Amino acid sequence: MTIDSPLRAMFTTVLRHLVVLLVVLGVGGGLVGYLSAGMPGLWGGLMGTGIVAFFALTTTVVMRLTADRPLHVASAAFVGSWLLKIIIVFVVLVVVRDRDFYDPLVFFITLALAIMGSLAIEMSAALHARVPHVDPSQARPPGQDPQD
């Protein structure tokens, strides 16, 4: 059994909570969408949840995989995955823009709720994470610092 670093543990917590949020929102959004707008409402709820799931889960997985890497590697992975996700979501939204199989209002409301929920989860995890600001293993004893 390996012990996760504090950052990996934080991203694991985020991942777990995001999965729960997305399942609840997917079922709830789909059900409320179906009851309010029929099948287009169901598709709107599922699509809104799916887009946020794609964005939030891939970001969390990339950050968890690169948590112990140097900052420039983690940053490059984050920005690269973000650009790729923007392109994919843009293409998907352009393709479904003029379709009538989904309800745009249900899609938007579900998307907004999922985004706010995922941000709340990420902020809560970051605020409660026990990530040290200083790595004690890298600290030098007094008098050995070149700036002393």
Side-chain angles (χ1 to χ4, degrees), residues 1-140:
M1 180 172 165
T2 62
I3 297 174
D4 277 349
S5 71
L7 279 176
R8 280 186 191 266
M10 180 186 73
F11 290 123
T12 301
T13 300
V14 169
L15 199 55
R16 247 181 291 146
H17 289 118
L18 279 175
V19 168
V20 171
L21 169 75
L22 293 168
V23 167
V24 168
L25 199 57
V27 171
L31 182 63
V32 170
Y34 180 75
L35 293 174
S36 66
M39 284 306 286
L42 172 67
W43 282 112
L46 293 177
M47 284 175 48
T49 303
I51 286 179
V52 173
F54 173 65
F55 244 86
L57 294 176
T58 53
T59 298
T60 305
V61 168
V62 166
M63 295 311 294
R64 187 180 187 293
L65 291 174
T66 60
D68 296 329
R69 306 272 190 219
L71 182 59
H72 68 279
V73 173
S75 297
F78 175 74
V79 171
S81 70
W82 185 82
L83 286 173
L84 184 62
K85 289 184 290 189
I86 288 291
I87 292 168
I88 291 170
V89 168
F90 180 76
V91 169
V92 167
L93 291 176
V94 166
V95 167
V96 301
R97 177 181 52 195
D98 296 327
R99 311 291 178 164
D100 60 355
F101 73 92
Y102 74 101
D103 185 273
L105 180 61
V106 174
F107 171 75
F108 172 76
I109 291 171
T110 307
L111 188 71
L113 289 173
I115 290 170
M116 288 187 291
S118 67
L119 286 174
I121 287 169
E122 291 166 5
M123 289 296 294
S124 175
L127 290 172
H128 293 98
R130 303 204 35 99
V131 179
H133 295 286
V134 176
D135 186 359
S137 67
Q138 300 296 322
R140 295 183 187 166

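On a predicted model such as this, the values are computed, not experimentally measured, just so you know.
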Return the set of residues passing ring pair (Phe, Tyr, Trp, His ring centres under 6.0 Å) with F107 (not counting sequence neighbours), or none when no residue passes. Y102
Let me see the working for V19 and L57 under side-chain contact (heavy atoms from CB on, under 4.5 Å), right down to the final yes or no. CA-CA 8 Å; V19 168; L57 294 176; 4.2 Å; yes
[Y] and [X], any side-chain heavy atoms less than 4.5 Å apart:
{"X": "S118", "Y": "L18", "answer": "yes"}
{"X": "F11", "Y": "L65", "answer": "no"}
{"X": "T110", "Y": "L46", "answer": "no"}

Results of side-chain hydrogen bond (donor to acceptor under 3.5 Å, both in side chains) for T59 - residues two or more places apart only: K85
Test side-chain hydrogen bond (donor to acceptor under 3.5 Å, both in side chains) applied to T12 - qualifying residues, sequence neighbours left out: R64
What's the shortest heavy-atom distance between M10 and A126, and which atoms? SD-CA, 3.6 Å
Pairs involving residues 99-118, ordered by first then second residue, that meet salt bridge (charged side-chain N to carboxylate O under 4.0 Å, His left out) (sequence neighbours left out): none
Evaluate the criterion side-chain contact (heavy atoms from CB on, under 4.5 Å) for residue pair V92 and F54; output intermediate values, then yes/no. CA-CA 12 Å; V92 167; F54 173 65; over 6 Å; no
Inter-residue atom distance [X].[atom1] - [Y].[atom2], 0.5 Å rounding:
{"X": "I51", "Y": "L111", "atom1": "CD1", "atom2": "CG", "value": "6.0 Å"}
{"X": "F108", "Y": "M47", "atom1": "CZ", "atom2": "CE", "value": "14.0 Å"}
{"X": "I88", "Y": "L93", "atom1": "CD1", "atom2": "CG", "value": "12.0 Å"}
{"X": "L119", "Y": "S124", "atom1": "CG", "atom2": "OG", "value": "12.0 Å"}

Output a table of donor-acceptor pairs, distance under 3.5 Å, between side-chain atoms of residues 21-45 and any protein atom two or more places apart or on a different chain; print 'none' if there are none.
| residue | atom | partner | partner atom | Å |
| --- | --- | --- | --- | --- |
| S36 | OG | V32 | O | 3.0 |
| S36 | OG | G33 | O | 3.2 |

Summary of side chain to side chain donor-acceptor pair (under 3.5 Å) pairs that have at least one residue in residues 66-78, sequence neighbours excluded: S5-D68, R8-D68
Could you walk me through whether W82 and T58 satisfy the side-chain contact (heavy atoms from CB on, under 4.5 Å) test, starting with their C-alpha distance in whole Å, then the side-chain angles of each, then the deciding distance to 0.1 Å, before giving a yes or no? CA-CA 9 Å; W82 185 82; T58 53; over 6 Å; no
